[in-house]
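Here's the structure we're looking at; comments come further down.
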Amino acid sequence: MSNLIEERYDVVVIGGGPAGIAAAIRATELGLKTILLENRDVLGGIPLQCVHPGFGLHYFKEDLTGTQFIHRFFERMERIGVEYITSAHVHSIEYRDYMEKVVNTITRKGVLRLYSKTIIYTVGARERTLFEIGVVGDRPDGIYTAGEAQTMMDIYGVLPGKDVVIIGSGDVGLIMARRFALEGARVKAVIEIMPYPGGLMRNVVQCLRDFNIPLLLSHAVISIAGKKRVEKVTVVKVDEGFRPIPGTEFEIACDTVVIAAGLRPNIDLLERLSIAIDPATGGPMVNELLETSIPGIFVAGNALVINDLADYVVEQGEKAAEGAKIFIENSGIPAEEWKPVKRGRNIRLAIPHYISGERSVTILARVAKPEQRVFVEVPEVGYKTFHMAVRPAEMIRLDLSKDALSKAEKSVTIEVKPIAYRA
Amino acid sequence: MHTELELTCILCPMSCTLKVSISDAGIDVRGNQCAKGVEYAKQEVTNPVRHVMTVVRVRGGDIPTVSLITSKPVPKNCIERVMEATAYVELEAPIELGQVVIKDVCGTSLVATRRVRKAT
Ligand SMILES: Cc1cc2nc3c(=O)[nH]c(=O)nc-3n(C[C@H](O)[C@H](O)[C@H](O)COP(=O)(O)OP(=O)(O)OC[C@H]3O[C@@H](n4cnc5c(N)ncnc54)[C@H](O)[C@@H]3O)c2cc1C
């Protein structure tokens, strides 16, 4: 006795974080028959559990907490009447033909088989694990990813532990260090393998220095020990090649280890469709409307590229919805030719990967290494802006007009050049 | 008396490095890329303030906690007092966004930043 529910849509949005919510709102506004599917029992994604400010400065021109930020979108959803289901886990996507994809979803009511012309994939990121960062030893209770710890504390109100070591000093690790300190836990140290902090200086100041939390740069946690619960970690100094320096090992007693060692786009469901992946971002390759290599499947938010700002994630969601509309109206995205976006000097990644030159495009890029007093340039279209500083922790945003892009012949190149640079 | 020090502005992701010199003539700030940096530096060397955020338990809601933030930043040495004032609070759903949940701690109040509906 199976309970199979079949339904047809123009757009199925997978994942109810800021990217998915923004996509579903815009698609509904554009008159497309849309449904939003969320795995958890609440919508909102990561911002719902971010109680700190730092959201919305770009999109709303106001400094909001993650929770306040996402509530603004909940209100829009209600006003517009966006259809959604929570506790809906998408377990597979099938590509039938150009205008028909199938989204198989497990819900409380049964298995949904949704036929859709387009899909907007917005499932966010996954966190890197202990295995990926090479920490050996015991696997007792008390080891959490930053996201798990944040869900426990800021959704369920449970403090995961009292003596905490945090691995990774990106903004996520820094912000979690402050949350633990505020809630009365002792943060013994934040351990960072790089010689500089991964997150913004403002977060080093307000999250660590304010609470006298030690930041150990050029250090790595190499093992965890504990019978039932974490008892201690072993830390070692590393050289420039990130190799442990023998004889520098020491132990830190703790009952909790929090892993904040970075995020990777969660592309599980797309990988099984053999989608084209960019090794630099770990996410799908996309054109300017955020369509992947599979026609009619769009991607936005942290599933596309790890964003620092939810504001940019929302813009990507909206862009993907506009892409879906164009796709449905034209049976595909019209473009005479797709021109590659190339990475030039000191550019580690750039989104999108292809442009048509027929529409204005926002390019997001990240540098490979920090530099001061530089120009960010796109020589083919005469774009050049000055930056006091560029840092891997901060995305660079380039707004390129249709007029400028029409000048590009074969490709465009994003590059960073110091003021006095001569090639 | 003359003191020189360096601060990192925490008001936006630019994280400007501010060079502050304090003398009888007043406080001089350099390195800021906007006017807010000067205000921040002056505040930081006289009476540093921070927003405080936390969550407290909620009974009968669709989410078990509500998140709170200070309605205005409090002096840094008050952070612990604010946290203590919220530690054992338990509220009843529903709670509206912006609702004042705790009044009069260190000259500020704590307001809800998440809506909690009654569980259905
Ligand atoms: C600790 C921390 C601090 C941050 N601070 C800031 C900040 O100060 N300012 C700022 O702008 N940004 C901040 N961010 C970044 C911001 O939260 C992210 O950029 C944003 O949440 C990404 O949105 P998203 O919609 O792509 O993904 P998410 O928010 O992760 O949402 C993805 C959603 O998809 C759902 N999902 C996953 N798999 C499935 C499936 N198979 N089926 C159905 N649903 C699924 C998930 O449950 C989730 O709800 C912070 C992030 C963290 C972790």
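Each chain gets a letter, A, B and so on, in the order its sequence line appears, and its residues count up from 1. The structure displayed is predicted, hence computed values, not measured ones.
Residue contact with chain A, scored on non-hydrogen atoms closer than 4.5 Å, involves the side chain of B:Val52 exclusively. B:Cys9 touches chain A through its backbone: at least one of N, CA, C or O sits under 4.5 Å from a heavy atom, while the side chain does not. Using a 4.5 Å cut-off between heavy atoms, B:Leu11 touches chain A through its backbone atoms (N, CA, C, O) alone. Neither the backbone nor the side chain of B:Glu80 has a heavy atom closer than 4.5 Å to any heavy atom of chain A. At a 4.5 Å heavy-atom cutoff, A:Ile70 makes no contact with chain B through either its backbone or its side chain. Proximity to chain A (any heavy atom under 4.5 Å) is restricted, for B:Arg57, to the side chain, taken from C-beta onward. Residue contact with chain A, scored on non-hydrogen atoms closer than 4.5 Å, involves the backbone and the side chain of B:Arg115 alike.
Counting heavy atoms of neighbouring residues, nucleotides and ligands inside a 6.0 Å radius, atom NZ of B:Lys103 does not exceed 12 of them. Around CZ of A:Phe386, the count of heavy atoms belonging to other residues, nucleotides or ligands within 6.0 Å exceeds 12. Within 6.0 Å of atom CZ in A:Phe211, more than 12 heavy atoms from other residues, nucleotides or ligands are found, so the atom counts as buried in its surroundings. Around atom NZ of B:Lys76, more than 12 heavy atoms belonging to other residues, nucleotides or ligands sit under 6.0 Å away. Surrounding CD of A:Gln372 are at most 12 heavy atoms belonging to other residues, nucleotides or ligands under 6.0 Å away.
Among A:Thr65, A:Val51, A:Ile155, A:Leu200, the residue with the largest count of heavy-atom pairs under 4.5 Å with chain B is A:Ile155.
Counting heavy atoms from C-beta outward, A:Leu182 and B:Ile79 have side chains that approach closer than 4.5 Å. Looking only at side-chain heavy atoms (C-beta outward), A:Met153 and B:Val55 stay at 4.5 Å or farther from each other. Residues A:Gln206 and B:His51 fail the side-chain proximity criterion, which asks for heavy atoms closer than 4.5 Å. Two residues are said to be in side-chain contact when any heavy atoms from C-beta on lie closer than 4.5 Å; A:Asp210 and B:Arg50 meet this criterion.
Using a distance-only test at 3.5 Å, with no hydrogens or angles considered, a donor-acceptor pair links the side chain of A:Thr67 to the main chain of B:Thr113. Not a single donor-acceptor pair under 3.5 Å links the side chain of B:Arg114 to the backbone N or O of A:Gln49. A donor-acceptor contact shorter than 3.5 Å is absent between the side chain of B:Thr65 and the backbone of A:Tyr156.
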Check the pair B:Ile63, A:Val42 against side-chain contact (heavy atoms from CB on, under 4.5 Å), reporting the backbone distance first and the verdict last.
CA-CA 9 Å; B:Ile63 303 184; A:Val42 281; 4.3 Å; yes
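Contact between A:Pro53 and B:Met53 at its shortest, heavy atoms only, is CD-SD, 3.6 Å. Taking all atoms of both residues into account, the shortest heavy-atom contact from B:Ile10 to A:Arg202 is O-NE, 3.1 Å. Counting all heavy atoms, side chain and backbone alike, B:Thr54 lies closest to A:Glu183 at OG1-OE2, 2.6 Å. Heavy-atom minimum distance, A:Glu75 versus B:Leu97: OE2-CD2, 4.1 Å. Pairing each heavy atom of B:Thr8 with each of A:Met201, the nearest pair is CG2-CB, 3.7 Å.
To the nearest 0.5 Å, atoms SG (B:Cys12) and CG (A:Asp63) are separated by 10.0 Å.
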